[in-house]
Amino acid sequence: MRVSKLVSKTLREVPADADNISHRLMVRAGLIHQLVAGVYSYLPLGWRSLRKIENIIRNEMDKAGGQEINMPVLHPAELWGDRMSDIRFTLFDRRERKLTLGPTHEEVVTSLAARYVRSYRDLPLNLYQIQVKFRDEPRPRGGLIRAREFSMKDAYTFDVDEAGLDVAYDKVFQAYQNIFTRCGLDVMVVEADSGAIGGKDSREFILTTPAGEDEVIFCPACDYAANAEKASSVKEKIDGGKPLPLETVATPGMKSIEEVAGFLKVPPSRTLKAVFYIADGTFVFGVIRGDLTVNETKLRNQLHCADLRLATEEEVIAAGIVPGSASAVGLKGIRVIADDSVSSGVNFVAGGNKPDTHLKNVNYPRDFKVDIVADIARAVAGEKCIKCGGKLSSTRGIEVAHIFKLGTIYSTKLGANFLDEKGESHPIVMGCYGLGPSRLLAAAVEQHNDDKGIIWPVSIAPYHVYLCPLPREGSKVTEVAEKLYQDLQAAGIEVLFDDRAESPGVKFNDADLIGLPFRITVSPRTLEKDAVELKKRTEKDPQIVPLSEIISKLKALI
RNA sequence: CGGGGUGUAGCGCAGCUGGUUUAGCGCGCAGCGUUUGGGACGCUGAGGUCGGAGGUUCAAAUCCUCUCACCCCGACCA
């Protein structure tokens, strides 16, 4: 391709709308163009990279036994009910029938399986598609990282039993590892919460970058890694001696854990904190050790609620609770959930349920009752690993894939059953595997760049080589470069040929911005030696390569 | 949904506080010439519903009201 004919132009100035690195670079290099919030056109360079990513995915999914299909974007709204209603785009056809643009395809694929799978002989089955998805995100951001229209590879496996699902899951897991390796991307596998889709053994593939939306807690000493939504850590026992009798103490004006702990000269870990939530409209009283914080995802899962938010001060007071001095001691008629850290020590300080009053020597379960005891604490870096006791670290990243075992949630709901050898009917056991090519594209740029521009991994670069002639009047640079352009293409090397009459600085800067893995410069200077200059985008210094060797040299590198 | 911000040429911005007839600047774009190893220079030129609607006024990019879009923080989110 000739740069002079390329529809997109590079931008010198950073577009005002672009916030993060990948978004800025993708717009500046002319990979994408925004139409409305969270919706983008792919320009030739961006589209080529996206297709390369998709083809790697296709290839690995096929190797894992997948069959590619293509399901509709337009779905009847009845298929969805209330599920994901908050982020679905809905529309009406001419008969006023309500339709929805598919945000994911569990229902559609399951109804497909219900029609075509009859017998255990039809299983196992792995169906996948690479399809556009629509989600009306509360806040699209970061260019392609969180878009409202985006590409997704979603795969679904169908098996006769859990053991079959385990095999299918492992195959896709391996395929994903291969995909990220082939794309040249550093991706971390972490335990995750399965969220709105449901299911178990949920794993996310997180591409690590400071710009990521997700926080990962991991152990450098072993293989433990989990999304912060899911991560657990050791809650160390706090030695408080033998249980002592309850004691009331005056704590004038002391409300926060810091104030109370400081006033009574105990560490925050010797206190119990009360937190108040509204779960699906119902008031919930939470208890957790004073030095810990509630993880709302874990809390939501324990309460099995759809909607969870902090209670307002008015709601707390209306529930008969004294903010700043609340505890579960003597509490009646309110649902109480406690973090298991309430058992990690004795003689805690807790609220006295009267203004300016706290209790000392509070012990669970001696002094208060709870409805649920579970791990609802947020794990943070520095705490101990639950697997090996090592010191946990944290990092940020972008979720580029998510896989989980659905089981029979959808097959039961949609009547996708099969007959076993004995003629008995069972729901199909399903797995579900998402991977976002468009997000991956942005994430790749986010991870591979410098202050000059993008640094593409070879496998997903829009072209392999940036051919950059620097002609001078009376030289043969142009004709040598034209011939090299033809020869490189004939050798199967993908070339972007900068045939513009621009100054060297402009060409070099555009080459760096677009970030192809190799740059070949042809100039009077190199032609004196019957050579060209080869520069890797990852390296600072170029090398001189004889014209006769450049093609074989490049072929070896690509 | 809460908080904040921005809409003026393809891109980046100034002008708005304190209303004035031809709305500027840089980049980019077109033409000509000079340049050519890290974002060159000169000259000429094209390009604008000042986001939209309504209002105040002799007069509105500028003041007022409404509205739309986009961005950021938060909430939320496979």
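The figures here come from the full heavy-atom set of this structure, side chains too, leaving out hydrogens, waters and symmetry mates. Note that the structure is a prediction, hence the values are computed from the model and not measured.
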Counterpart residues, side-chain hydrogen bond (donor to acceptor under 3.5 Å, both in side chains), relative to A:K452 (two or more places apart): A:N509
Side chain of A:R300 (C-beta onward), nearest among B:rG38, B:rC76, B:rG39: B:rC76
base_contact_polar (B:rG2 base, A:R309 side chain, donor-acceptor, <3.5 Å): no
Rounded P spacing from B:rC70 to B:rA30 in Å: 31 Å
Partner nucleotide, any strand, of B:rU35 [Watson-Crick/G-U, under 3.5 Å]: none
Sugar-phosphate, base or nothing in reach of A:S475, heavy atoms under 4.0 Å: nothing
Whole angstrom value for the distance that separates P of B:rC77 from CZ of A:F134: 22 Å
Distance, rounded to the nearest Å, where A:D498 contributes CG and B:rU36 contributes P: 18 Å
A:E68 and A:K153 ion-paired at < 4.0 Å: no
Identified pairing partner of B:rU56, criterion: Watson-Crick or G-U wobble below 3.5 Å: none
Sugar-phosphate only, base, or nothing, as touched by A:E229 at under 4.0 Å among non-hydrogen atoms: nothing
5' priority, RNA chain B, between A:R28 and A:P103 [closest heavy atom]: A:R28
First encountered from the 5' end of RNA chain B, between A:R146 and A:D510: A:D510
Stepwise side-chain contact (heavy atoms from CB on, under 4.5 Å) check, A:E399 with A:N227: CA-CA 10 Å; A:E399 176 192 347; A:N227 192 307; 5.6 Å; no
Side-chain heavy atoms of A:E106 within contact of A:R83, under 4.5 Å: yes
Set of salt bridge (Lys or Arg N to Asp or Glu O under 4.0 Å) partners for A:D223, sequence neighbours left out: A:K387
Phosphate OP1/OP2 of B:rG37 contacted by A:S523 side-chain N/O (<4.0 Å): no
A:H23/A:Y40 aromatic ring centres below 6.0 Å: yes
Separation of the P atoms in B:rC71 and B:rU8, to the nearest angstrom: 14 Å
Rounded distance in Å - CZ (A:F508) to P (B:rG39): 11 Å
Pairwise P distance for B:rC41 and B:rG28, with rounding to whole Å: 9 Å
Base of B:rG28 paired with side chain of A:E13 (donor-acceptor, under 3.5 Å): no
Atom-to-atom span, CG of A:D541 to C1' of B:rG38 - whole angstrom: 14 Å
A:R500 CZ to B:rA40 P, straight-line distance once rounded to whole Å: 12 Å
Partner nucleotide, any strand, of B:rG7 [Watson-Crick/G-U, under 3.5 Å]: B:rC68
C1' spacing across the pair B:rG47 / B:rC66, given as an integer number of angstrom: 32 Å
Member of A:E533, A:K507, A:K536 meeting the side-chain contact (heavy atoms from CB on, under 4.5 Å) criterion with A:R519: A:E533
C1'-based separation of B:rC72 from B:rG26 [nearest Å]: 26 Å
Spacing of A:L470 atom CG relative to B:rG37 atom P, expressed in whole Å: 7 Å
B:rC13 - base-pair partner by Watson-Crick or wobble geometry, distances under 3.5 Å: B:rG24
Sugar-phosphate, base or nothing in reach of A:D512, heavy atoms under 4.0 Å: base
Pair A:F285 and A:F276, ring centroids less than 6.0 Å apart: yes
B:rG2 - base-pair partner by Watson-Crick or wobble geometry, distances under 3.5 Å: B:rC73
Separation between the P atoms of B:rU21 and B:rC16, rounded to whole Å: 13 Å
Identity of whatever pairs with B:rG47 - Watson-Crick or G-U, under 3.5 angstrom: none
Summary of protein contacts for nucleotides 67-74 of chain B, nucleotide by nucleotide, where a base hit scores B, a sugar-phosphate-only hit scores S (4.0 Å, heavy atoms): ---SSSBB
Selection from B:rG38, B:rC29, B:rG26 that lies nearest to any side-chain heavy atom of A:E502: B:rC29
Pairwise side-chain contact, A:H105 with A:K133, heavy-atom cut-off 4.5 Å (strictly under): yes
Pairing partner (Watson-Crick or G-U wobble, both distances under 3.5 angstrom) of B:rU62: none
Whole-Å gap separating P (B:rA75) and CD (A:E137): 15 Å
Ring centroid separation A:F173 to A:F205 under 6.0 Å: yes
Distance between P atoms of B:rG48 and B:rC11 (Å, rounded): 14 Å
Identified pairing partner of B:rG18, criterion: Watson-Crick or G-U wobble below 3.5 Å: none
C1' gap between B:rA61 and B:rA53, integer Å: 16 Å
Spacing between A:R472 atom CZ and B:rG37 atom C1', to the nearest angstrom: 8 Å
